[in-house]
Amino acid sequence: MLAATLRQGPDVRLLRNCLGGLRATHQWEWMRQQGHEINPCNSKHHPAVKAGLQPAADQTPVQEAYTPNSICWGCGPQNAQGLKLKSFRVDGGLEARIQLPKAYQAFPGIMNGGAVGGLFDCHGNWTSAIALMDHSSLPKPPLTLTTEVLIRYKQPTPAETPLVLRSQVVKMEVMSGPGRKATVQVQLTLHKLNAGGKETLLASAQGVYKKLGALRAM
């Protein structure tokens, strides 16, 4: 009876949690010693921070931290003609602020829906990649691709207007075995920022993104 009490008691659970934290700290320290840059986006939401490794500087976008040479039209830092989406880590997802240029208008003052879809595509993929990286305690996010995105357009998206893009991980399936790929389901919203800090919902989306490779492509 005493042994069962010890196995199940709060003191033992606390000890297990402490041991788990020590293992996580040693794991991140070991990766750092192997030459991996840990938490290059300097986010307080990186799991290494919970293990005791504090950010070294101000937070940077995940795109610049992990794929600084990317030429992706939506989020590549090196695409001069692209949207240059900059997504920052938040609890359970990502957040970005952006203004869309008039070059991608469908009508005067109204953005083409494809530009909005591009934001959801890139932001959702990054949300999924970061979630999978955290889950597996990897130094870099894996490559993910969009499986499907269902977009609901609520109101026209204006050009050259402050917007905020948010995402949250809804569900993650990390499967093993030949031909089976991990998938992440993400909820996304796009809002217009109004005077006084109020927001107007412009579009929402439900996306599914699949892990394709070990490391995210440059």
Side-chain angles (χ1 to χ4, degrees), residues 10-70 72 75 77 85-97 120 122-147 164-177 180-189 207-218:
D11 291 340
V12 175
R13 288 196 294 270
L14 177 61
L15 177 60
R16 287 173 178 167
N17 290 338
C18 290
L19 290 175
L22 287 172
R23 284 194 293 269
T25 301
H26 290 314
Q27 179 180 17
W28 293 114
E29 283 288 2
W30 179 83
M31 282 192 282
R32 178 183 285 178
Q33 292 171 7
Q34 299 304 306
H36 296 290
E37 187 177 6
I38 305 303
N39 192 15
C41 55
N42 297 308
S43 170
K44 66 179 182 180
H45 299 287
H46 192 284
V49 175
K50 295 180 181 179
L53 303 182
Q54 297 302 314
D58 293 335
Q59 185 174 191
T60 59
V62 294
Q63 293 89 350
E64 294 178 5
Y66 293 107
T67 57
N69 297 317
S70 171
C72 174
C75 63
L85 178 68
K86 296 181 179 181
S87 307
F88 293 85
R89 293 186 62 145
V90 296
D91 189 20
L94 300 176
E95 183 174 306
R97 302 202 173 208
F120 286 146
C122 288
H123 199 71
N125 264 295
W126 272 105
T127 303
S128 303
I130 294 296
L132 290 169
M133 177 186 73
D134 289 353
H135 175 80
S136 299
S137 298
L138 300 173
K140 294 182 179 180
L143 173 63
T144 59
L145 292 179
T146 304
T147 299
V164 59
L165 177 63
R166 297 191 179 97
S167 64
Q168 286 286 305
V169 173
V170 176
K171 182 180 180 181
M172 180 164 50
E173 294 183 359
V174 182
M175 299 172 286
S176 60
R180 307 187 73 184
K181 300 291 186 180
T183 60
V184 183
Q185 183 177 341
V186 180
Q187 178 67 40
L188 304 113
T189 56
V208 178
Y209 307 86
K210 181 181 292 186
K211 178 183 176 182
L212 188 65
L215 293 176
R216 193 159 186 85
M218 301 300 287

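Position 1 is the first residue of the sequence, and the numbers go up from there. Values below: all heavy atoms of this structure, side chains included; hydrogens, waters and symmetry mates excluded.
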[atom1] of [X] to [atom2] of [Y]: how many Å apart, nearest 0.5 Å?
{"X": "Thr147", "Y": "Tyr209", "atom1": "OG1", "atom2": "OH", "value": "9.5 Å"}
{"X": "Asn39", "Y": "His45", "atom1": "CG", "atom2": "NE2", "value": "10.5 Å"}
{"X": "Leu138", "Y": "Met31", "atom1": "CG", "atom2": "CE", "value": "7.5 Å"}
{"X": "Leu85", "Y": "His123", "atom1": "CG", "atom2": "NE2", "value": "6.5 Å"}
{"X": "Cys72", "Y": "Gln63", "atom1": "SG", "atom2": "CD", "value": "8.5 Å"}

ask   = ring pair (Phe, Tyr, Trp, His ring centres under 6.0 Å) with His46: which residues, sequence neighbours excluded?
value =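 Residues passing ring pair (Phe, Tyr, Trp, His ring centres under 6.0 Å) with His46: Trp28.
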ask   = Which pair of heavy atoms, one from Ser167 and one from Val186, lies closest together, and at what distance?
value =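 Distance-wise, the nearest heavy atoms are CB-CG1, 3.8 Å.
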Determine whether [X] and [Y] make a side-chain contact, defined as any pair of heavy atoms from C-beta on separated by less than 4.5 Å.
{"X": "Leu165", "Y": "Phe120", "result": "yes"}
{"X": "Ile38", "Y": "Glu29", "result": "no"}
{"X": "Pro77", "Y": "Ser70", "result": "yes"}
{"X": "Ile130", "Y": "Tyr66", "result": "yes"}

ask   = Partners of Glu64 by side-chain hydrogen bond (donor to acceptor under 3.5 Å, both in side chains), sequence neighbours excluded?
value = none
query = What residues, two or more places apart in sequence or in another chain, satisfy side-chain hydrogen bond (donor to acceptor under 3.5 Å, both in side chains) together with Gln187?
reply = none
query = What residues, two or more places apart in sequence or in another chain, satisfy salt bridge (charged side-chain N to carboxylate O under 4.0 Å, His left out) together with Lys210?
reply =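 Residues passing salt bridge (charged side-chain N to carboxylate O under 4.0 Å, His left out) with Lys210: none at all.
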Which atom pairs, donor and acceptor, lie under 3.5 Å between side-chain atoms of residues 52-60 and protein residues at least two apart or in another chain?
unit_1 : atom_1 : unit_2 : atom_2 : d
Gln59  : OE1    : Arg89  : N      : 3.1

message = By the salt bridge (charged side-chain N to carboxylate O under 4.0 Å, His left out) test, which pairs, at least two apart or in different chains, include something from residues 36-49?
response = none
task = Starting from the C-alpha separation in whole Å, work towards a yes-or-no answer on side-chain contact (heavy atoms from CB on, under 4.5 Å) for Thr127 and Val184.
result = CA-CA 9 Å; Thr127 303; Val184 183; 5.9 Å; no
task = Start with the C-alpha gap between Thr67 and Trp126, add the side-chain angles, then the distance that decides, and say whether side-chain contact (heavy atoms from CB on, under 4.5 Å) holds.
result = CA-CA 11 Å; Thr67 57; Trp126 272 105; 3.2 Å; yes
inquiry  = Using the rule given for side-chain contact (heavy atoms from CB on, under 4.5 Å), can you reason through Lys171 versus Val208, listing the C-alpha separation, both sets of side-chain angles and the distance that settles it, and then say yes or no?
reply    = CA-CA 9 Å; Lys171 182 180 180 181; Val208 178; over 6 Å; no
